[in-house]
S.K.: 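Let me give you the structure first, and then I'll get to my questions.
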Amino acid sequence: MPHRRLVSSSDRLSSLMSAADNACYVAKDVGRNWMDVYQPDNAALALRHGEMQWTSRIKYALAEERFRLYYQPVVALQPNISNGAHGEIL
């Protein structure tokens with residue numbers, strides 16, 4: 001007998017609200033006077049969902065202090081062209 005997962009109505013509601021939220025964000029990203037209809041194979045929705053997952057992962061990593069920042073100086077190839085110290089954070 002195959003194993004079946006019982007889905008509660010709150011799980012379905014949560015999934016439905018998440019899909020609607022993602023569709024709203026996709027429509028908002030496209031521009032004014034636009035709407036988007038949820039479809040499971042919609043590439044824009046899949047991309048947006050992936051971005052939202054990364055957002056929560058980054059927030060979690062920040063809360064857990066799992067980031068390490070490095071400073072890398074950026075120097076001019078010709079020293080007399082420099083407009084002061086520059087660098088980038090990695």
S.K.: Hydrophobic cluster mates of V74, side-chain heavy atoms under 4.5 angstrom, ILVMFWY only, any path?
M.R.: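 Its cluster partners, ordered by chain and number, are none at all.
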S.K.: Mind checking what makes side-chain contact (heavy atoms from CB on, under 4.5 Å) contact with I89, not counting sequence neighbours?
M.R.: L69, Y71
S.K.: Of all residues at least two apart in sequence or in a different chain, which pass the side-chain contact (heavy atoms from CB on, under 4.5 Å) check with E65?
M.R.: none
S.K.: Under 4.5 Å side-chain heavy-atom separation, chaining through any Ile, Leu, Val, Met, Phe, Trp or Tyr, what else clusters with I58? Say none if it is isolated.
M.R.: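 Taking Ile, Leu, Val, Met, Phe, Trp and Tyr as members, I58 shares its hydrophobic cluster with L62, F67.
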S.K.: Can you sort out the partners of R66 under side-chain contact (heavy atoms from CB on, under 4.5 Å), two or more places apart, ordered by chain and number?
M.R.: Y60, A61, E64
